[in-house]
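Worksheet for the structure shown next.
This is a predicted model, so every value here is computed, not measured. What you see below is based on every heavy atom in this structure, not just the backbone, and it leaves out hydrogens, waters and symmetry mates. In what follows, chains are A, B, ... by sequence order, proteins preceding strands, each numbered from 1.
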Amino acid sequence: MQDRTHAADAEPGDDVTVAGWVHELRDLGGIAFLILRDSSGKIQIKFEKDEMDEALVETGLGVARESVVSVSGRVEEEPRAPTDVEVVPESVEVIAPADPELPLDPSGKVDAELSTRLDNRTLDLRKEEVQAIFEVRAEILRAARERFRAVGCTEITTPKIVATGTEGGTELFPITYFGREAFMNQSPQLFKQLIAGSNVERVFEIGPIFRAEEHNTPRHLNEATSIDFEGAFCDDGDAMDVAEEVVRAAYEGVAENCADQLESLGLAEEFSVPEASFPRLTYEETIERINATGALEEPLVWGDDLPTEGEKALGEEIGSHYFITDWPSEIKPFYIKDHDDDPEVSTGFDLMHPRMELVSGGQREHRYDHLVEGFEQQGLDPEQFEYYTEMFRYGMPPHAGFGLGGERLIMTILGLENIREAVLFPRDRQRLSP
RNA sequence: GCCCGGGUGGUGUAGUGGCCCAUCAUACGACCCUGUCACGGUCGUGACGCGGGUUCAAAUCCCGCCUCGGGCGCCA
């Protein structure tokens, strides 16, 4: 195995051993071709029946598609071959035969539905364009991490098994923890605040969140990847700056390091990094502009949540990322700080992509008394959250942060139709395996 | 949580009461073919989600169940 050469590295004149999957067999009679595929690409193996050992030809042409084979032979320059080189085999070994009837077609001649693809993810990932999504995903996460580090953040990980939720009990997955009631965490919100209040000051986390909502849409998952930021001595404007930087860094990373993947996905032409400075609209301006589109039957009034239809209409009009700031306090969570000069208006903000909401954030309520009051107003028992509120008594600086939906970022960057495409093994309303 | 629309060979589809012991593509099996690159050609195998009902007749209409997808709400 050590001497294995990847398809893309085979140079004319080399004696090599290539190993991978049988992508296709084309038997033309006297001559036949086996297309071998590995992570680097494809290479053609040539079989000339009259001139080669009969057993060798039989083995090479007798394998089923997607079987794993190892081929040793001489690489020759050949302009008629798809990659301008082909291997003339001296030996062929079938390492792992595949059943002849495949549950989906990795060569892509026949489409498969998403559900079939997810049931057979290993085979699905043998398709170049599917592999490309996950290579881009890795790059997006790398670029985001690097940018967080560049703006002075420390990466943290926080518990996913918790005693209480962030905003109440309704949308949490309950579990049993050594006989005690516990939950899968819906957000690292409270924990990252606790760390921002330490000397660490600026933190980020990229990790799973769990939501027990029974929605069934192409943009929701029950297990998602949250990209979170929290910074001490930051206000909502600072947090928006960081959100914008991280989102743009993700696009830049893809533009710089994923040319091949964009090509595979058919996006090479149209892909572009968004213009600097996402517009910042206040909530009030937003509802006015949505009303002006005429997309809604009933015009929005102050205090309304933004319906999907209105978001879409405005997204189309703006055509780029934009922030919505200064939300009514009553439709934002209690831990979001209100403006000092107007308690009806909060520091909460959302970052929107024309297709959907990407980020939610704001400056946090850091004053102990106000925070406890907020819990009570939401009908939550502050005592249950003592592990959190207590720390606000020992020097909690003003701080702000946000949560960015990782899969939503990926799907909007790549224009994926369904968020499940952006996760290897998605968890949704009905899918629990694989 | 509310609402809507689907489930036909391995895969993806056509078929809205008799024209259907079901179309096409691909896959699979057999044979032919010395430059394919979605190779081509000939022949063949293979399916109406499950249960009940209506009808002379059901893939097609009705009911229940299972299952998949979508819209809204909510959210990342």
Side-chain angles (χ1 to χ4, degrees), chain A residues 23-35 42-52 57 64-66 76 78-84 86 98-120 123-124 166-168 170-171 186-189 206-228 243 247 304-312 331-333 350-353 355-361 402-412 417-420 422-423 428-431:
Chain A
H23 185 69
E24 220 157 352
L25 277 166
R26 299 198 190 101
D27 190 342
L28 277 64
I31 193 168
F33 304 102
L34 183 159
I35 314 298
K42 299 184 197 110
I43 191 163
Q44 175 163 288
I45 320 294
K46 174 177 71 173
F47 293 90
E48 281 184 296
K49 294 178 189 173
D50 291 345
E51 295 166 33
M52 285 183 179
V57 171
R65 289 156 76 232
E66 297 305 318
E76 290 188 351
E78 175 51 73
R80 289 172 293 184
T83 59
D84 293 327
E86 64 189 9
D99 281 356
E101 291 225 318
L102 301 167
L104 63 78
D105 172 22
S107 75
K109 273 179 262 187
V110 181
D111 285 342
E113 287 191 354
L114 186 56
S115 167
T116 306
R117 294 174 45 205
L118 294 174
D119 284 340
N120 302 280
L123 267 60
D124 186 45
T166 309
E167 294 152 56
T170 57
E171 49 185 53
Q186 65 172 173
S187 159
Q189 178 64 32
I206 299 178
I209 55 169
F210 305 90
R211 308 250 163 128
E213 290 288 340
E214 296 196 39
H215 35 217
N216 191 206
T217 82
R219 61 184 184 283
H220 288 94
L221 292 165
N222 293 293
E223 177 176 351
T225 307
S226 187
I227 300 173
D228 271 271
V247 168
D304 284 345
D305 227 320
L306 305 185
T308 307
E309 211 179 340
E311 281 179 1
K312 279 184 185 158
I331 54 173
K332 281 288 170 187
D350 285 359
L351 172 59
M352 308 294 297
H353 177 274
R355 289 176 65 195
M356 72 191 79
E357 182 180 339
L358 233 42
V359 169
S360 187
F402 63 80
L404 161 61
E407 282 78 18
R408 287 191 175 184
L409 180 63
I410 295 160
M411 82 183 283
T412 52
E417 288 299 319
N418 193 311
I419 198 164
R420 296 165 180 89
V423 195
D428 61 34
R429 176 73 188 84
Q430 36 267 330
R431 183 170 292 274

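Mapped onto RNA chain B by nearest heavy atom, A:Ala112 and A:Arg80 fall at different nucleotides, with A:Ala112 at the one closer to the 5' end. Place A:Asp350 and A:Glu78 on RNA chain B by their nearest nucleotides, and A:Glu78 ends up nearer the 5' end.
Straight-line distance from the CD1 atom of A:Ile43 to the P atom of B:C37: 19 Å, rounded to whole Å. The CD-C1' distance, from A:Glu214 to B:C72, rounds to 15 Å in whole Å. Spacing between atom CD of A:Glu86 and atom P of B:U34 amounts to 17 Å, rounded to whole angstrom units. A:Lys332 has its NZ atom 11 Å from the C1' atom of B:A76, to the nearest Å. Residue A:Asp50 contributes atom CG, which lies 11 Å from atom P of B:C33 at whole-angstrom precision. Rounding to whole angstrom units, CD of residue A:Glu213 and P of B:C75 are separated by 9 Å. Atom NZ in A:Lys49 sits about 12 Å away from atom P in B:G35, given to the nearest Å. At whole-Å resolution of the value, CG in A:Leu221 and P in B:G70 are 11 Å apart.
Between B:C74 and B:G15, the two C1' atoms lie 40 Å apart (nearest whole Å). B:G46 and B:G53 are spaced 29 Å apart, taking the P atom of each and rounding to whole Å. For the P atoms, the distance linking B:C50 with B:U67 amounts to 15 Å, nearest Å. Rounded to whole Å, the separation between the C1' atoms of B:C43 and B:C62 comes to 43 Å. Taking the P atoms as reference points, B:A14 lies 15 Å from B:C61, given to the whole Å. Annotation: B:A76 and B:A22 have their C1' atoms spaced 46 Å apart (nearest Å). Of the P atoms belonging to B:G71 and B:U60, the separation is 28 Å, rounded to the nearest Å. The same atom, C1', is picked in B:U13 and in B:A25; the two are 8 Å apart, to the nearest Å.
Looking at A:Lys109 and A:Glu24, a side-chain N of the basic residue comes within less than 4.0 Å of a carboxylate O on the acidic one, giving a salt bridge. With respect to the salt-bridge test (charged N to carboxylate O, under 4.0 angstrom), the residues A:Asp27 and A:Lys49 qualify. Here A:Arg65 does not pair with A:Asp99 in a salt bridge; the nearest charged N to carboxylate O distance is not below 4.0 Å.
The side chain to side chain donor-acceptor pair (under 3.5 Å) search around A:Asp119 returns A:Arg431, not counting sequence neighbours. Residues meeting the salt bridge (charged side-chain N to carboxylate O under 4.0 Å, His left out) test with A:Glu66, sequence neighbours left out: A:Arg37, A:Arg126. Residues passing the side chain to side chain contact (heavy atoms under 4.5 Å, CB included) test with A:Arg80, sequence neighbours excluded: A:Glu78. By the side chain to side chain donor-acceptor pair (under 3.5 Å) test, A:Gln44 pairs with A:Glu86, sequence neighbours left out.
Pairing of B:G7, defined by two Watson-Crick or G-U wobble distances under 3.5 Å, is identified with B:C66. Of all nucleotides present, none satisfies the Watson-Crick or G-U wobble test against B:A22 with each distance under 3.5 Å. In this structure, B:C28 and B:G44 make a Watson-Crick or G-U wobble pair, each of the two defining distances being under 3.5 angstrom. B:C72 is paired with B:G1 under the Watson-Crick or G-U wobble criterion, all donor-acceptor distances under 3.5 Å. The partner of B:A14 cannot be assigned: no Watson-Crick or G-U wobble pair with both contacts below 3.5 Å exists in any strand. Figure legend. B:A38 is base-paired to no nucleotide; pairs are counted as Watson-Crick or G-U wobble with both atom distances under 3.5 Å.
A distance-only check finds no donor-acceptor pair linking the side chain of A:Asp124 to the backbone of A:Asn120 [under 3.5 Å].
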Dump every N/O contact between nucleotides 65-69 of chain B and the protein below 3.5 Å, one line per pair.
unit_1 : atom_1 : unit_2   : atom_2 : d
B:G69  : OP2    : A:Gln430 : NE2    : 3.1

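Distances shorter than 4.0 Å separate some side-chain N or O of A:Lys312 from OP1 or OP2 on B:C72. Between A:Thr116 and B:G12 there is a side-chain polar atom (N or O) within less than 4.0 angstrom of OP1 or OP2. Dashed line: the shortest gap from a side-chain N or O of A:Ser360 to OP1 or OP2 of B:A76 is under 4.0 Å. Between A:Ser187 and the phosphate of B:A76, there is no side-chain N or O to OP1/OP2 separation shorter than 4.0 Å.
Of the inter-residue distances, the one linking A:Arg117 atom CZ with A:Asn418 atom CG reads 9.0 Å to the nearest 0.5 angstrom. If you take NZ on A:Lys42 and CD1 on A:Ile35, they are separated by 8.5 Å, rounding to the nearest 0.5 Å.
The two residues A:Leu409 and A:Leu358 come nearest to each other via the heavy atoms N-CD1, 4.1 Å. Across every non-hydrogen atom of A:His220 and A:His215, the tightest pair is CD2-CE1, 3.3 Å.
Of all nucleotides listed (B:G10, B:U36, B:C74), B:C74 comes nearest to the side chain of A:Asp305. Nearest to the side-chain atoms of A:Pro82 among the listed nucleotides B:G10, B:U36, B:G73 stands B:U36. Closest to the A:His215 side chain, of the nucleotides B:G35, B:C28, B:C72, is B:C72. Listed candidates were B:G12, B:A76, B:G35. Nearest to the side chain of A:Val110 is B:G12. Distance from the side chain of A:Ala81 is smallest to B:G35 among B:G35, B:C72, B:G10. Of the candidate nucleotides B:C28, B:G35, B:C75, B:C75 has the atom nearest to the side chain of A:Arg408.
Remark: the A:Glu101 side chain and the B:U11 base include no donor-acceptor N/O pair separated by less than 3.5 Å.
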Would you give a per-nucleotide map of nucleotides 39-47 of chain B, 5' to 3', where B means the base has a protein non-hydrogen atom under 4.0 Å away, S means only the sugar-phosphate does, and - means neither?
B--------
Step by step, work out the side-chain contact (heavy atoms from CB on, under 4.5 Å) result for A:Asp228 and A:Leu404.
CA-CA 6 Å; A:Asp228 271 271; A:Leu404 161 61; over 6 Å; no
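Counting any heavy atom pair closer than 4.0 Å across all strands shown, A:Arg65 reaches sugar-phosphate atoms only and no base atom.
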